[in-house]
Amino acid sequence: MNILYFASIREKIGRAEEDVSPPPAVTDVGKLIEWLKRRGPDYELALGDMRAVRVAVNQEHVRLDHPVHAGDEIALFPPVTGG
Amino acid sequence: MNILYFASIREKIGRAEEDVSPPPAVTDVGKLIEWLKRRGPDYELALGDMRAVRVAVNQEHVRLDHPVHAGDEIALFPPVTGG
Amino acid sequence: MGVRVQREDFDIGAEIAHVSKEGKDVGGIASFVGVVRGGEGPDAISAMTLEHYPGMTEKELGRIEAEALARWPISASLIVHRYGRLVPGDNIVLVVTASRHRRAAFEACEFLVDWLKTKAPFWKNEEASDGERWVAAHGDDDEAAARWNK
Amino acid sequence: MGVRVQREDFDIGAEIAHVSKEGKDVGGIASFVGVVRGGEGPDAISAMTLEHYPGMTEKELGRIEAEALARWPISASLIVHRYGRLVPGDNIVLVVTASRHRRAAFEACEFLVDWLKTKAPFWKNEEASDGERWVAAHGDDDEAAARWNK
């Protein structure tokens, strides 16, 4: 699945986008984030405070229990600040 | 004094402006209008329904008891309809 | 700050840019353009002519603008009102208000537009298929302007 | 009807004229331009950069516009939002709504602007004398947007 990072989360992780293949146990957004946080301190820093993380799956805002599948476009970003 | 007519009142009276010298007894707007109405049927038609006549003296909206003097610019017009 | 009454059309983009530059610490510019409605059917007008009282109109528009500036924190504003014969699609009036805060800009702009539609010394003569007529003052617009007195 | 997200500036006059012509039976066009505030003192910013989520942004703006069209009798509308690095005085966003009635045009325009300021997927990075920082989402704007849910 393709993961996009935006704004401060993108800066902390150090990349805008990556393709990942999590294990089959990663079935929803919450589990995906827990899995990502174990990839290193940058991920832990970027995703540690879940109150400041928002998620979109295939460009729709979703909650942590939303399922994820191979082929999904998953975006992680801080709360929007508007234009 | 200089009298200006606008819109439907101008059309009924048949002129946009005239200089008049009413007698000394014409001391306020109400008396001026009564005096004008005696000048002919066009004036009577234009000024007969006082609910549809508004008055400005020297470019300020006034009531019928407002005094008039030689040298004043007096405007008679229907209620405004806005832009 | 400014008020103009003119026969000519106005350049909306240039006017808004000017107000935006004139104001200090501007965050938002609200504007409104009133245009001549065409429509279809028996009520459709083919043209309208706005008559006004030169000199007094500018004074009254200036007073309206001053009132808006007293009620809202507006850093720059403009009213341009046309007179003369206009056809459907033509611009009639432009109101622009710039402020640090968008809410103030919107409210002052709407206040000015409501006022202009009811209190500004213009008289409207409409041309339709059955001839021309002077428009009578009506109540809806007075109601809209009355909102602001509450 | 239309939504555009672009790096380039927009031509306010041309956009308003286009919306005015596109709409049927238009009597008034309300518009709002949001610009980068400069200001003075320690809070003053020297530049800001808007980041967005290409594709999702356009979808969300399209939804907002559809909601406005469902709530008010709007005959034409436009949202143009810029992204990238902007300096004080630069245009950020343009919202234009055209309607037969001025009240509908104003309300729909203000609704869209409130929404854009809180819900549109943009992230703002501000540059000031003491460095740059990501702006945190704040409460005032949410309150303004919440007005419309009452």
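Proteins get letters first, then strands, A, B, ... in listed order; numbering begins at 1 in each.
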Looking at side-chain heavy atoms only, is the closest gap between Val35(D) and Ser20(C) below 4.5 Å?
-> yes
Top contributor to chain D contacts, counting heavy-atom pairs under 4.5 Å, from Gly13(C), Gly34(C), Gly27(C) = Gly27(C)
Picking from Ala98(C), Ala105(C), Cys109(C), Ala14(C), which has the most non-hydrogen pairs under 4.5 angstrom with chain D?
-> Cys109(C)
Residue [X] versus chain D: region with a heavy atom under 4.5 Å:
X	result
Asp11(C)	neither
Lys21(C)	neither
Val36(C)	backbone

Please report the closest heavy-atom contact between Val26(D) and Arg37(C), naming both atoms and the distance.
-> O-CG, 3.4 Å
For Phe32(D) against Gly28(C), the heavy-atom pair lying closest together | CZ-CA, 3.5 Å
Is Glu110(C) salt-bridged to Arg103(D), cutoff N-O under 4.0 Å?
-> yes
Could you state the interatomic distance from CD1 (Ile29(D)) to CD1 (Ile12(C)), rounded to the nearest 0.5 Å?
-> 6.5 Å
Nearest 0.5 Å, what's the CG-CD1 distance between Leu94(C) and Ile16(D)?
-> 8.0 Å
When you look at NZ of Lys24(C), are more than 12 heavy atoms from neighbouring residues, nucleotides or ligands closer to it than 6.0 Å?
-> no
